[in-house]
Amino acid sequence: MSLVELTGATATYRRSGISFVALRDVTLAIEAGERVGIVGGSGSGKTTMARLMLGLLRPSAGDVSFQGRSIVGLRERQRGWLRASASMVMQDPNSSLNPRMRLADIIAEPLRSPVLRRRGDVPAATPAVLDAAALGVGLEPDLLRRFPHQLSGGQRQRAAIARALVSDPALLVADEPVSALDVSVRAQVLNLLADEVRERALTLVLVSHDLAVVRHLCQRIVVVCAGEVVEEGPVDVVLRAPRHEYTRALIDATLSL
Ligand code: ADP
Ligand code: MG
């Protein structure tokens with residue numbers, strides 16, 4: 001059983017009454033413990049694919065399953081296990097963290113969810129647990145009293161990573177996790193992600209338009225172009241011998257600088 005499976009998944013958005021197919025007939029299985037990079041140009045459908053995997057978007061056709069169970073049309077009450085088992089780190093920590101909450105509460109929030117509490121193996125959100133969560137992502141526990149706007153961009157993204165990991169998920173989806181950060185802190189945040197993924201043997205889906213980042217963090221690469229998967233395979237194979245024109249163009253644009 002794969003951890004995540006998309007089967008003929010199609011995603012359609014409605015824009016002023018007109019439907020627009022953002023992702024077409026995608027079939028893809030991600031195994032537990034795998035690290036998969038999803039690459040493609042802006043608007044190619046990467047974030048849409050991530051949202052399908054997390055059950056944040058319902059496919060207009062096809063199926064999406066997590067841990068062998070279809071997540072299409074889950075009722076709100078059944079979504080808890082999915083939220084506890086699959087976390088996301090978004091591109092922009094400015095908009096993904098609640099500006100009115102202190103860091104301690106932002107990181108503790110998943111631990112306080114009733115569904116997660118029922119899972120039993122989840123620690124209570126005690127000060128010691130939160131301090132450890134902060135230290136685990138390289139944040140001094142003093143910072144837990146601050147609000148997001150009182151942190152740097154890199155610190156905010158570290159907090160977003162702490163929040164995503166605090167529920168001990170099986171899957172981490174990171175959608176362009178460093179694109180909004182200063183170039184000077186990108187490598188640190190990527191290294192933190194890489195360390196956490198390895199230590200926890202997490203399944204990682206990393207959305208990126210940067211092939212160098214994918215080469216560094218992932219084993220497998222999925223290339224998306226205009227809503228379709230055009231190529232897929234082990235990172236070293238795809239980057240050494242790309243079969244699709246679009247992959248070649250991406251390599252020329254981002255790896256040969
Ligand atoms: P990427 O992450 O690769 O940049 P997205 O998955 O965000 O691409 O978007 C794929 C396509 O779907 C784009 O053309 C985008 O404009 C469109 N799109 C994304 N989200 C929405 C939405 N909520 N409503 C309408 N169109 C959308
Ligand atoms: Mg995107």
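Counting convention: from 1, in listed order, for ligands and their atoms alike.
Using a cutoff of 4.0 Å between basic side-chain nitrogens and carboxylate oxygens, E245 and R248 are scored as salt-bridged.
Here is the list of ligand 1 atoms found below 4.0 Å of a heavy atom in S42: 4 (O). Every atom of ligand 1 is numbered from 1 in the order shown, and the set under 4.0 Å from a heavy atom of F20 is 11 (C), 12 (O), 14 (O), 17 (C). In the vicinity of S44, heavy-atom distances shorter than 4.0 Å reach the ligand 1 atoms 1 (P), 3 (O), 8 (O). Close approach to A22 involves these atoms of ligand 1, each under 4.0 Å from a residue heavy atom: 11 (C), 12 (O). Of all atoms in ligand 1, listed by their number and element, those nearer than 4.0 Å to a heavy atom of G41 are 3 (O).
In this structure, atom 8 (O) of ligand 1 lies nearest to the protein heavy atom G45 N, 3.2 Å. Counting only heavy atoms of the protein, atom 16 (O) of ligand 1 lies nearest to R15 NH2, 2.8 Å. The protein heavy atom nearest to atom 6 (O) of ligand 1 is T48 OG1, 2.5 Å. The protein non-hydrogen atom at the shortest distance from atom 27 (C) of ligand 1 is Y13 CD1, 3.3 Å. Looking only at heavy atoms of the protein, atom 7 (O) of ligand 1 is closest to T47 CB, 3.7 Å. Scanning the protein for heavy atoms near atom 13 (C) of ligand 1, the closest one is G43 O, 3.7 Å.
D210 has its side chain out of reach of V39: every pair of non-hydrogen atoms, C-beta onward, lies at least 4.5 Å apart.
Side-chain N or O atoms of R102 include one that pairs as donor or acceptor with a backbone N or O of R145 at under 3.5 Å.
Near the Mg ion (ligand 2), less than 2.8 Å away, sit the protein N, O or S atoms T47 OG1.
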What pairs of donor and acceptor atoms, side-chain ones from residues 15-30 against any protein atom, are under 3.5 angstrom apart with sequence neighbours left out?
from	atom 1	to	atom 2	distance (Å)
T27	OG1	G8	N	2.9

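Looking at E34 and T203, their side chains never bring a donor and an acceptor atom within 3.5 Å of each other. Side-chain contact of S44 with Y246: a donor-acceptor pair under 3.5 Å is absent, judged by distance alone.
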